[in-house]
Enquirer: 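Take a look at this one; I'll ask things after.
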Amino acid sequence: MSDESYDHAAIETRWQEAWDDAAVYRTPDDVEDPTYVLGMYPYPSGKLHMGHVRNYTITDAYARYRRMQGDDVLHPMGWDAFGLPAENAAKERDTNPRDWTFDCIDTMKGQMKSMGFGYDWEREIATCTPDYYKWNQWFFTRFYEEGLVERRDADVNWCPSCETVLADEQVEGEEELCWRCDNPVEQRELDQWFLQITDYSDELVDYIDELEGWPDSVRQMQRNWIGRQYGTRLPFDVTGPDGHDHGTVEAFTTRADTVYGATFFALAPDHPITEELVAEDDDVHEFVHHEADPDGDEPNGVETDLTATNPVTGEEIPVYVADFVLSDVGTGALMGVPGHDDRDHEFASKMGVDIAPVVAPDTGEDDGPEAPDVSESAFTDDGVLVNSGEYSGLDSESAREAITADTAGAEEATQYRLRDWGISRQRYWGTPIPVIHCDDCGPVMVPEEDLPVELPEFINTTGNPLDEAEEWKQTTCPDCGADAVRETDTMDTFVDSSWYFLRYVSPDLPDAPFDPARTNDWMPVDQYVGGIEHAVMHLLYSRFFTKALADYEGLEHREPFTNLLAQGMVQLEGEAMSKSKGNTVSPQRIVEEYGADTARLFMMQAAQPERDFDWTEEGVRSTYRFLGRLKDLVQSFDPDAGGSGDDPITDYVADEIDASVAVATEEYDDLTFNVALREAQELVGTLRQYRDYADPHPETFERGLAVAVRLLAPVTPHLAEELYDELGGDGFVAEAEWPSADVDRETAEKRRQLVENTREDVRQIVEVAGIENPERIDIVVTPEWKFDALGIAVESDADNLISELMGESHIREQGDAAASYGQDLQAEREALSMTLAPEDEYESLVAAAWLVEREFDASARVVRADEADDDVANTAEPGRPAIDIVE
RNA sequence: GCGCGGGUAGCCAAGCCAGGAAACGGCGCAGCGCUUAGGACGCUGUCCCGUAGGGGUCCGCCGGUUCAAAUCCGGUCCCGCGCACCA
């Protein structure tokens, strides 16, 4: 076999079997607080795609790295196995969702194994098994007992194509499209089960600040979604022309300071008062049923014959019904302040309502604020109140507080955009909601001993199959024993994924959803990795569940995921891969052609995990060749041949090995695999040069190989095992110890910088001086007193550095040279920093001299200052040796 | 409109949180080497000027803080993402 390729298939199969046999990735129940590394479990759609491969390679590499660092690691995998696509697929193929799902799981599990992902398969879960979804039902009844579940008649998002309702979070964009099928969503009124996530609104939003291991973007998206706003609720008395009292209508406002500028009042088209008016007022009827366009950009409205009394001024203002007022925002009614709100301004201009300025820009001067001109557009900033009675002169902030405090019936109010989570779905392939409807008792929870309520056999029908499952549906009331029917709705599958990370801890526990002691020990998830598309829904629901379980089920953690990584997309020519575009790359094909290690390494080295990157076949081939070269390098190694190691090149290689470890370790810790891997690949390059240019010292060379293999092991586990074995390693590299370095990263990088700078200087001199054929290159290390002087200068805060330096006799006796260097130091003293120690600098240069010799084809000597001519040595500085080139 | 993130050499992109070297790396381009890993590999160059390591200019734009700014602060213009007749 040529070194262009290697028998990846044989190697990968061999080690996958060996890992299996040795249960390398098994996490025993008795380990203490393992590092919990988790990738978002996949929906079993049939085949792994590149997004999965990237996601799970990230977690696998990190899990392997932590294991080599000596941690116990929990790295499980499971299946988000309920959901509509299985139902659709079952219909198309004339099978049933269960069989189809388990077929898909089989296939995908096989593909995961062929990728070499090291999961503890004994913790595998599939949410469509009664053993799992029983606990969804159990949580539902527990939450019901705690008052976290409510059934209400609600306007819901209905997707006619999926024939089910959707949560607000599942409706996308201005066009309101279904997140799954991209069809327009309609509104329907249905009895629905809700989980009261809004009970946790404040905690969910407040605690975002603490989630420092999460990306800002996700944190911000959650803040936006919860949408908390502080304001004031103001009571407006609404009356009709005949004195007919419509009662008090509260309006929420964040700008109570503008209340003197309220020139109209507006009600939503479906507000209860509007509905009264529709019956008696033809104009209102006409508007509500024919003109109102809540989705349009134009604010439309109709004047009513009602008036509202401004609770602060006592003024009566006209009441409109307007389509931009939304019944589910605030109270469904608002005070219109056209002088200070853009939309109100547009509406007032259109309807001919007064526009009055009551807040002026704060000029910061004492001569009194001047009311802004609001005839053309509103002034929406905070400022100073004008035309506002006793409140004139106050700044907006103070005025809001004062008005709220002074006004009868007004109160501070907090508003949220977050709504309760409607979990009812009119589909078959989900967790049956464990409720029985009794004519006499109403909805009754299924008793715990009757759980799980298992799904009946699938019936291929157009509506909800559960509605057709008569035998299943008919039952008796647990309370009164009368004939009753089962709830036929199933749960949103996001219920399943809101706690699956707990189930992995004790997947087979028969009598509880999770083992409290072990879960408290093992949670939270240390590193969670998945797509940004779950920034709101899954992650918010999981946070909610965790908090509810902390309150009611003894979970001692209130946040599930400490660190979150939202991985970037795998693209092809800048575009997301998608089946519809037909620009996908099959992971299976890549594994067959190049092997899993190549696919994994290519992906991890291509970019930081959170960035998008382009898949390129050329990159894959180049990665494959690298692995082939590495394999060759290891196999050509002969421990019984080679030099004594008593040479500078060996020292250089030894330093580089340490440097690689120091850098790669830090980068693995930060999950910046691309940088860590570059380090590993450069080390392999260095070793190759070592082999080709010198007579390698077997022990150093072997250490280099062993280090390179380990640095790559988290990402290319199969070949790493093969080569580790080849090098005579004990056991598995997967369980081997992570290499340690003799240097810290800073020193290693200073060394590299010194060598690189010195070589660069030589190049410049050769070029600028036009030296054609250098014969000898002397690199003269700085005299020690200069290092001492630099050290003093860095530490010193004395005004006169020179005199402080001259206080040192061994510096003073350098005479003019000391004075001159002292002045240099004085000139840049604020920018000074410590270099390598003199001996370290000398040794680093000696070790690197061969690079200069090789590059310039001249002999290179590294000499100490006292061995060189003074006029050369004097130009040397710490970190910058003098250079003398002889032609 | 609101919020967040970002604008760095021909292109991609690190550095910014913790200010101190024309600013990591990759691609592309150019030169050299290679009894060889060959539609590769290694070395070097790639802002301008310079016959001994020097000088100039530079991180979207404008301004500020500082001995010192890609980095901190304010303003402004573009790009991306999320939310949005949200009161």
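Basis for what follows: all heavy atoms, side chains included, without hydrogens, waters or symmetry-related copies. Quick caveat: nothing in here was measured; it's all calculated off a predicted structure. To find a chain, count down the sequence lines: A is the first, B the second, and so on, and within it residues start at 1.
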Enquirer: Looking at residues 222-231 of chain A, who's got a heavy atom less than 4.0 Å off RNA chain B?
Expert: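 Output list: A:N224, A:Q229.
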Enquirer: Pairs in or reaching into residues 249-268 of chain A: which pass side chain to side chain donor-acceptor pair (under 3.5 Å), with residues at least two apart or in two chains?
Expert: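 Matches after skipping sequence neighbours: A:R233-A:E250, A:R255-A:D257, A:D257-A:S396, A:D257-A:R400.
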Enquirer: Applying side chain to side chain donor-acceptor pair (under 3.5 Å), which residue pairs with at least one partner in residues 868-886 of chain A are found, sequence neighbours left out?
Expert: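 Residue pairs with at least one partner in residues 868-886 of chain A: A:D761-A:R880.
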Enquirer: Pick out the pairs of N or O atoms, protein on one side and nucleotides 76-79 of chain B on the other, that lie under 3.5 Å.
Expert:
none

Enquirer: Using a heavy-atom distance cut-off of less than 4.0 Å, which residues of residues 249-263 of chain A contact RNA chain B?
Expert: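 Contacts with RNA chain B under 4.0 Å: A:F252, A:T253, A:T254.
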Enquirer: Return the set of residues passing salt bridge (charged side-chain N to carboxylate O under 4.0 Å, His left out) with A:D341 (not counting sequence neighbours), or none when no residue passes.
Expert: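 Testing A:D341 for salt bridge (charged side-chain N to carboxylate O under 4.0 Å, His left out), a comparison that skips the adjacent residues, returns A:R343.
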Enquirer: Which ones in residues 603-611 of chain A lie close to RNA chain B, meaning a heavy atom under 4.0 Å from one of its atoms?
Expert: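 Of all residues in residues 603-611 of chain A, the ones placing a heavy atom under 4.0 Å from RNA chain B are A:Q608, A:R611.
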Enquirer: Suppose we screen for side chain to side chain contact (heavy atoms under 4.5 Å, CB included). Which residues come up paired with A:E666, at least two apart in sequence or across chains?
Expert: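 Applying side chain to side chain contact (heavy atoms under 4.5 Å, CB included) to A:E666 gives A:R745.
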Enquirer: How would you list all residue pairs meeting ring pair (Phe, Tyr, Trp, His ring centres under 6.0 Å) that involve residues 756-776 of chain A, not counting sequence neighbours?
Expert: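 Ring pair (Phe, Tyr, Trp, His ring centres under 6.0 Å) check on residues 756-776 of chain A returns no pairs.
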Enquirer: Extract from the structure each pairing of a protein N or O with an N or O of nucleotides 47-51 of chain B at less than 3.5 Å, listing the distance.
Expert:
unit_1	atom_1	unit_2	atom_2	d
B:rU51	O4'	A:V768	O	3.0
B:rU51	O2'	A:V768	O	3.4

Enquirer: Got a sec, which residues hit side chain to side chain contact (heavy atoms under 4.5 Å, CB included) with A:I532, two or more places apart in sequence or on another chain?
Expert: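 With sequence neighbours excluded, A:I532 shows a side chain to side chain contact (heavy atoms under 4.5 Å, CB included) to A:S217, A:V218, A:A535, A:A566, given in chain and number order.
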Enquirer: Would you list the protein and nucleotides 25-27 of chain B atom pairs, both N or O, that sit under 3.5 Å from each other?
Expert:
unit_1	atom_1	unit_2	atom_2	d
B:rG25	O2'	A:R678	NH1	3.1

